[in-house]
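Structure first, commentary second.
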Amino acid sequence: MTGYLLRRAAGALGVLLVLSVVVYATFYIAPGDPARLACGPRCNPEQIAQVRDQLSLGDPVYLQFWHFLQGIVAGHDYSTGTAVLHCDAPCFGLSYQNNQQVTDMLIERLPATASLAVGAMAVSLLLGTATGLLSALRRGGATERVLTWLTLAGTATPVFISGLGLLMLFCAYLAWLPFPSYVPLTEDPEQWAWNMLLPWVALGLLESAKYARLTRSSLLETLAEDHIRTFRAYGVAERKLVTHHALRGAVGPVIALSAADFGSMFGGAILTEMMFGLPGIGALLVHATTTLDLPVVVAVVMVTGTAVVIANIVADVLYAAADRRVALR
């Protein structure tokens, strides 16, 4: 296990290095002038030249990239014209809009995105595995057909449609829930849960459809294996057969997929955050894109890529822990 983790960590560092090269080349080396973007439209050539000098954009490209990596790993010092500002690692630079450290902006937005991702993942796993399990056990009946149609409807319904429907039903028509307004968990856990309920359900419904299909297919495949037929021939009760033997083998792919999806949710929940007004990383990315705030865009892409890489490693380990037939090599 230790050797496997070390190999995956080394591979993850290689992937992140390639990602950093691609991201830096896309946003800083591609046609365009980062100094002009950082300075603003009203700057004269002298001011633009001063900003270019402050950002070290006159250095060779390889040296600029080295400063970029150095800032992520060890921090960096930035000159604001009147003072020198130290940016602790991981440092992605200063925002072009307000000269605020991008890392601080991400940390400020991270709790909302993490709350959405964790809750939506719990909802999707609960609904998806329960629906897939019931569909597999009722194979060929009316229950399976109804659940299959519901699964297809969940897959085909965009999150902004389901989110709008939930808002109109539970907030406007029935008035059972308040219109979502993010409250930090540390301030009021109860209000945090009530205000995050609809975003969880809206995103969880969309994601639960694929877990339902995967659970159903994996369980049916496991129930058709030789050792399951042997247990059934020895008279093992069907409920015990499913819960103690078949489900353990079928849940492995679900765990692996959920761990990988959890990493991608940090950057993929943009529509949900915009729909419900959540101050998360996705909303920050949209605002940074519209204002051409390159350091913020680069930081969000790097953080999301890192989350996906780490989630894939966790997925492999959990898959092996859930299914003993899988070996970590």
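Side-chain heavy atoms closer than 4.5 Å link hydrophobic residues (I, L, V, M, F, W, Y) into clusters, and following such links, even through other members, never connects Ile107 to Ile310. Hydrophobic clustering (ILVMFWY, side-chain heavy atoms < 4.5 Å, transitive): Ile72 and Leu19 are in one cluster. Under a hydrophobic-cluster definition in which Ile, Leu, Val, Met, Phe, Trp and Tyr are linked whenever side-chain heavy atoms come within less than 4.5 Å, directly or via other members, Leu69 and Val18 are assigned to different clusters. Val201 and Leu174 end up in the same hydrophobic cluster when Ile, Leu, Val, Met, Phe, Trp and Tyr side chains are linked at under 4.5 Å. Residues Phe179 and Trp194 share a single hydrophobic cluster, defined by chaining ILVMFWY side chains whose heavy atoms lie under 4.5 Å apart.
Shortest non-hydrogen contact noted between Tyr211 and Ser258 is OH-CA, 3.2 Å. Residues Ala112 and Pro279 share a closest heavy-atom pair of CB-O, 3.6 Å. What you find for Leu127 and Ser208 is that their closest heavy atoms are CB-CB, 4.0 Å. In terms of heavy atoms, Ala299 sits closest to Leu106 at CB-CD1, 3.7 Å. When all heavy atoms of Glu273 and Ile281 are compared, the closest pair comes out as OE1-N, 3.6 Å. Taking each heavy atom of Thr26 and Val22 in turn, the nearest pair found is OG1-O, 2.6 Å.
Residues Ile161 and Pro158 have side chains in contact (heavy-atom distance under 4.5 Å, counting atoms from C-beta outward). In this structure the side chain of Leu167 reaches within 4.5 angstrom of the side chain of Met275, judged on heavy atoms. Residues Glu221 and Ser218 are not in side-chain contact: their nearest non-hydrogen atoms beyond the backbone lie 4.5 Å or more apart. The side-chain heavy atoms of Pro199 and Leu278, taken from C-beta on, include a pair separated by under 4.5 Å. Residues Leu164 and Phe160 have side chains not in contact (no heavy-atom distance under 4.5 Å, counting atoms from C-beta outward). Here the side chains of Met105 and Val296 are in contact, with some heavy-atom distance below 4.5 Å. Contact check for Met302 versus Tyr24: no side-chain heavy atoms found under the 4.5 Å cut-off. A 4.5 Å side-chain heavy-atom check between Val286 and Ile270 finds at least one atom pair inside the cut-off.
Distance CG/Leu284 to NE2/His287: 8.5 Å, rounded to 0.5 Å. Separating the CG atom in Leu185 from the OG atom in Ser115 is a distance of 6.5 Å, to the nearest 0.5 Å. For the atom pair CG of Leu203 and CD of Glu207, the computed distance is 5.5 Å after rounding to the nearest 0.5 Å. In this structure, OG1 in Thr215 is found 12.0 Å from NZ in Lys210, a value given to the nearest 0.5 Å. Here the OH-CG distance, from Tyr182 to Leu116, works out to 10.0 Å after rounding to the nearest 0.5 Å. Atom CG in Leu126 sits 8.5 Å away from atom OG1 in Thr131 (nearest 0.5 Å).
Under a 3.5 Å cut-off, the side chain of Ser217 and the backbone N or O of Leu214 do form a donor-acceptor pair. Side chain of Asn195 to backbone of Ser181: a donor-acceptor contact under 3.5 angstrom is found. Judged by distance alone, with hydrogens and angles left aside, the side-chain atoms of Gln97 form a donor-acceptor pair with the main-chain N or O of Thr291 at under 3.5 Å.
For the residue pair Ser95 / Asp293, a side-chain donor-acceptor distance below 3.5 Å is found, with atom types taken as modelled.
Relative orientation of the Trp200 and Trp192 rings is perpendicular, given thresholds of 30° and 60° on the angle between their planes.
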**side-chain contact (heavy atoms from CB on, under 4.5 Å) between Leu125 and Val254, worked out** = CA-CA 8 Å; Leu125 283 176; Val254 177; 4.0 Å; yes

**Test side-chain contact (heavy atoms from CB on, under 4.5 Å) applied to Cys171 and Trp176, step by step** = CA-CA 6 Å; Cys171 298; Trp176 289 356; over 6 Å; no

**Asked** Do Leu94 and Gln101 pass the side-chain contact (heavy atoms from CB on, under 4.5 Å) test, and can you show the C-alpha distance, the side-chain angles, and the key distance before you say yes or no?
**Response** CA-CA 5 Å; Leu94 304 179; Gln101 293 188 25; 3.8 Å; yes

